[in-house]
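For reference, the structure discussed in these notes is given below.
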Amino acid sequence: MVLRSLKNCLWLSCVLRTPKACFWSTASGGLIIQSVSNDVYQNLAVEDWIHDHMDLEKQQVLFLWRNSPAVVIGRHQNPWQECNLRLLRQKNIKLARRRSGGGTVYHDLGNINLTFFTTRKKYERMENLKLVVRALKALRPQLDVHVTDRYDILLDRQYKISGTAAKLGRTSAYHHCTLLCNADKLVLSSVLKSPFKGLKSNATPSVPAVVKNLFEEDPSLTSEMLLDAIAKEYAVQHQIDHHVTLINPADETLLPGISDKTKELQTWEWVYGKTPKFSISTSFNMVYKDSVLDVKVNMDVKHGRIEVCNIDLPEHWLPPGLYTELVKSLTGSKFCPNETTALVTTLPRVCPQDDELHNRWSLLCENMIRLM
Amino acid sequence: VCIHRVRSCSSIRFIKSKYVCVFDKSALKFSHQQRLFRTSAVSCGQIVQFKLSDIGEGITEVTVKEWYIKEGDSVSQFDSICEVQSDKASVTITSRYDGIIRKLHYSIDDIAFVGKPLVDIEIDASKGVASEEDVVETPPMSHEEHTHQEIKGHKTLATPAVRRLAMENNIKLSEVVGTGKDNRILKEDILNYLAKQTGAILPPSPKAEIVPPQRKAEAVPAAPKDKARKIPVPVSRPIAFAGKDRTEPVTGFQKAMVKTMSAALKIPHFGYSDEIDLTQLVQLREELKPLAEIRGVKLSFMPFFIKAASLGLLQYPILNASLDENCQNVTFKASHNIGVAMDTEQGLIVPNVKNVQSLGSAGQLGTSDLTGGTFTLSNIGTIGGTYAKPVILPPEVAIGALGKIQVLPRFNSKGEVFKAQIMNVSWSADHRIIDGATMARFSNLWKSYLENPALMLLDLK
């Protein structure tokens, strides 16, 4: 396999071919590119960029990428429902929402991502997955891997090693899938378990599956080997040179507009705000002095913001004015711990300075924030 | 295909001929007015049922997940209409027509069927209709040079309205740079081009000048040896078409700030400012920085400012007090919970020194870190500025804003000019219980600690 750097390829093509045809147009029907970045937002932005800007009529593209630890939810999913957000924040694992459908995945460097770009007409997921299976079998003929009709790849007929999702636009489409080589299964299972109770939503739910790393089946396998095998098979399929071009997703010159796309993917409005409408009906216990209070909370959240908020507290536990103030302030506010923390610590400034009152307020608010 | 379209166009024209005349000329000269014409003309267009086209893979039904438009909105060809999902695939449905959305056939989470109507669009009769096979780009309407341009081997994308505008003004589409999606040429691009021709003052997009028009499958040739190549700076579209006012509700944290600041300005503020010579402190910090780094601590000036303030408050405890609502009682707070005002994504938060050392992101701060402050320092100097008029954060009675440190010439005791590190501080205090003299004396004491850091060691308990 020959890995050529971007500059080489560009310079060569500029010299050997006509001036206008450059990096993106190779001689034949396919192009294999690999990202040098492990940033999930940058890599997702590259997918967007290719989807929006490349003419896939003459050549199809295979994009290979890996991310440092991140949880990626599908376009129409609910992050509160799909993963343990508190754990993600504690472990500094990023949360991203991709533009394709499907379920939630955990990414780390042991989980590789493959994106197959084609025109809308040539969109064909089964063919792509069969290509992956062929590549795996060519590498390790003894591997028992096959594609299911749910577009999963199973190992030994029981363990999921790959999940699929797709995005279709007006003229182009892409199908991407993961491949578990050597991901941290412990972290995977703990972050993909949501502690949320009482959440009702029409968001796409994920279908949990038992997973296994290919590394566990054959410890001689590495992510690099898998990427190479798949690139090779793709090259054979498309009758092109088996060489992989590296691209830097931060290169604005090569990918004009990519930094805007990267930024958009990181905004709160995209990651959380695109969650379909949902409602929460839950309760928590508050231990205060010698009593235990059972507090019921009901909320409707739309576009990630609290539309309706009801907190069922014993009467006069908080002065009614303050209670109303809390509910009024939460309404319209983001369902977000940072935003709520800022809000609930600022409101008491204009209240009577009473320690007892402030303690109750803090206790209640901390519990509310813990929900988010 | 061409003949087919002419036939269908002419049949429409026949029915609506008198209205077509009105639209043809005047509407096209002024693009923004054109929209007005369209939206206000209710009964002039023909309602077309835009059907959900084939998704592929034999899929017959999808779930509608999000609408990008609503009834009454006007759309252009290729604008996104909605997002549907089918079996792990998310599909963006784009409009085939220019027109106004008259009816949405489905609500969110409904199942939509391929081949059945998705939305009803009222199309402007004179604009014409795209062909039924549309899944890829629609071919242009006529074979005239203006409307069917090939730029560097690729077709230009432009809606029929834009093509007509170009034609009316004798503009070759090949000379216009498209700034829309897929490098589509928009009305604004035509008008920009026109403005440039007539010398109107419109800031040209650097992208258009420096980089050759980019089409699909063609990136900027990066010739590392070519020094003349400039790097295009992505710039927003020319200001002439900035758009309309935008109203957003005041929610969440902003609401809380409204209340706080309204209450704050009921406090009669007075200000007192001074200049601090931090030359010695800067030197001290330079000496201590490497030692702090070994301990994994990034040493800023803040700890010195806070310590000095705390020592000052011991001498002038009224600055660490709180006045009750009725101005009946003053409570002298025992604990010096000195807050440091921080600008975050959420807005202004003031964690107080109980946990100032774990400041990293606001995300790590709990409610107890952010409440109970008794005195605040605001380091606005990190952003810039020298003087400020800070607003007291109730229920506190004083606040200090620290300007940036500047290197300025000053005279020393021998009358020589030397390089001094000067920072300005602007205090505000509650004049109901604090008088100018108290504030001035506190400030002088604080200043003396910072100008002679060794003094802080002397007064440490």
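Letters go in sequence order (proteins before strands), and every chain restarts at 1. Predicted, not measured: the structure shown is a model, and the values here were computed from it.
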On a heavy-atom basis, which atom in [X] and which in [Y] lie closest, and how many Å separate them?
X	Y	result
B/Ile55	A/Arg120	CA-NH2, 4.0 Å
B/Ile349	A/Ala342	CG2-CB, 3.9 Å
A/Val350	B/Lys259	CG1-O, 3.7 Å

Portion of [X] that has a non-hydrogen atom of chain B nearer than 4.5 angstrom:
X	answer
A/Thr340	neither
A/Gln90	neither
A/Arg89	neither
A/Arg150	both
A/Ile306	neither

Given a strict heavy-atom distance threshold of 4.5 Å, which part of [X] is in contact with chain A: side chain, backbone, both, or neither?
X	value
B/Ile108	neither
B/Glu396	side chain
B/Pro395	both

B/Asp109 bridged to A/Lys277 by N-O distance under 4.0 Å |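 No salt bridge links B/Asp109 with A/Lys277.
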
Carboxylate-amine/guanidinium contact B/Glu83 A/Lys167, below 4.0 Å =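 Between A/Lys167 and B/Glu83 there is a salt bridge, with a charged N closer than 4.0 Å to a carboxylate O.
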
Determine the option with the most heavy-atom pairs under 4.5 angstrom with chain B, choosing from A/Met126, A/Lys334, A/Glu325.
->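 Option with the greatest count: A/Glu325.
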
Are any non-hydrogen side-chain atoms of B/Thr92 and A/His51 less than 4.5 angstrom apart?
->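 B/Thr92 does not reach A/His51 side chain to side chain.
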
Is there side-chain contact between A/His358 and B/Thr371, with at least one heavy-atom pair below 4.5 Å?
->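 Sidechains of B/Thr371 and A/His358: no contact.
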
Considering only heavy atoms and a distance below 4.5 Å, find which of B/Thr63, B/Thr331, B/Asp87, B/Ile93 pairs most often with chain A.
->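 Of the options given, most contacts go to B/Asp87.
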
Contact leader toward chain A among B/Val250, B/Asp324, B/Leu348, B/Thr260, where contacts are heavy-atom pairs under 4.5 Å =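 The residue among B/Val250, B/Asp324, B/Leu348, B/Thr260 with the greatest pair count is B/Thr260.
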
Do side-chain atoms of B/Lys255 reach the backbone of A/Lys328 as a donor and acceptor pair under 3.5 angstrom?
->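 It does hold such a pair.
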
